[in-house]
Amino acid sequence: MRFLAWDETLFKNPEVFDPDYIPEKLYFRDSQLRRISANLKPAIRKTQPVNMLCLGPPGTGKTSAIKLIFRELEDFDVIPVYANCQLLGSKQAVFGKIFEALYGYKPPSYGIPFAKLYASILNKVLEIDKVLVVALDDINLLLNDTQINDVLYAILKAYEEVDGVKTGVIAIGTDLKLNARLDERVGSIFHPDEILFPPYGLEEIFEILKNRCLVGFYRNVISDAVIERVAELTYETGDLRVGLYLLKMAGISAEERGSRKISIEDVEKAFSKSKVVLLKKCISMLNQEEREILKQIYQQDDISTGEMYKKVRKDHKIGYTKFYNIISKLENLRLIDLSYLKRGKGRTRSIVRRFDRETVLGALKEFAI
Ligand SMILES: Nc1ncnc2c1ncn2[C@@H]1O[C@H](COP(=O)(O)OP(=O)(O)OP(=O)(O)O)[C@@H](O)[C@H]1O
């Protein structure tokens, strides 16, 4: 066996395969980037920007698009704040993040009352005479609907609290029905421009990954045929992060073999290892009730949505609309497929499992389900 020397590597820029890497160029997202910029233009002129709702499945470039545009905003009289709601979790933590962006240090950790935190934020925005634009990433993963509504309301109604303060919101989420979760109070003031980030097609995925390989690997380390295989596996999951992860792990696997080229086998090996990791990531994006319903689905064979609802209703007091929203979310996260069945006169939808039963039930156990 031949090993690469310690200082030999296939990676020219390993960081470009990391999940938090923001690429210089976002492919196939020109229309979204153009619309986001246009909506933020008023902020550059120190007036209220157009609020936005960026929606799409995981790994479709929402976060990257916002972060790229936020970099440019720093040259103007705008304070762009990026808040990851999944990590922050609560209204207090989101406003803590805004405070930090404005003051350059964290608010006192001994628990400052929200009203005081809020007032310090708004007064500072007024004092520095800039427009505050807050991106709420994964907003659907804040603690609960009350927190989602409270956060939006507090940002959008800032001008009523302190005269002259200008704010804007970019809500980012995977939940296409997010609007339905907003209460009347927020619904009456939040009329966002909805910007959709659809899943990439196979060829688009190939192109994005190929360009990333050109930056990340040395020449001739990976062939188009191998990238095509990575693209196929990525397409099945719909999340571009899967492809980036596979490229990184396949590169490491080739290095481990002492090879200067990545083979299809390196990719397959990386994929079988990563499947469960990726599945768990999707499950982590669900709440308890959604996980329980996912479990019930995986305990069944393929079943129509109507029949599944009857079973779910025995344990969960939920209406059909809510049930259908959950099912759509599971489809969105590519945990299940919904396919049309021809039955009698009408058409009904059938729920099809995308993973094998044992893998999903096993992964759910780690979430105490
Ligand atoms: N159009 C694109 N061109 C180049 N790279 C992209 C593109 N879309 C996504 N990526 C890459 O895929 C990774 C995931 O993208 P990103 O985090 O922006 O997705 P997301 O839609 O915000 O996902 P989530 O909803 O899970 O937060 C990023 O690291 C980015 O490098």
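One is the number of the first residue; the rest follow in order along the sequence. When a ligand or atom number is given, it counts from 1 through the structure's own listing order.
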For ligand 1, protein residues within the heavy-atom limit of under 4.0 Å are Pro19, Tyr21, Pro23, Lys25, Leu26, Tyr27, Arg29, Pro57, Pro58, Gly59, Thr60, Gly61, Lys62, Thr63, Ser64, Thr174, Tyr200, Ile208, Arg212, Leu240, Arg241, Leu244

Should the pair Asp20-Arg241 be classified as a salt bridge under the 4.0 Å nitrogen-to-oxygen rule? no

Glu207: side chain to side chain contact (heavy atoms under 4.5 Å, CB included) partners, not counting sequence neighbours: Phe28, Asn211

Salt-bridged, Lys295 to Glu292, with N to O below 4.0 Å? no

Going by side chain to side chain contact (heavy atoms under 4.5 Å, CB included), name the residues that satisfy it together with Glu366, two or more places apart in sequence or in a different chain. Lys280

Quick check: does any side chain N or O of Gln92 sit under 3.5 Å from a backbone N or O of Ile112, one acting as donor and the other as acceptor? yes

Review item, side-chain donor-acceptor pairs of residues 44-54, under 3.5 Å, at least two apart:
| unit_1 | atom_1 | unit_2 | atom_2 | d |
| --- | --- | --- | --- | --- |
| Lys46 | NZ | Asp129 | O | 3.4 |
| Lys46 | NZ | Asp129 | OD2 | 3.0 |
| Thr47 | OG1 | Pro42 | O | 2.8 |
| Gln48 | NE2 | Thr167 | O | 2.7 |
| Asn51 | OD1 | Val169 | N | 2.8 |

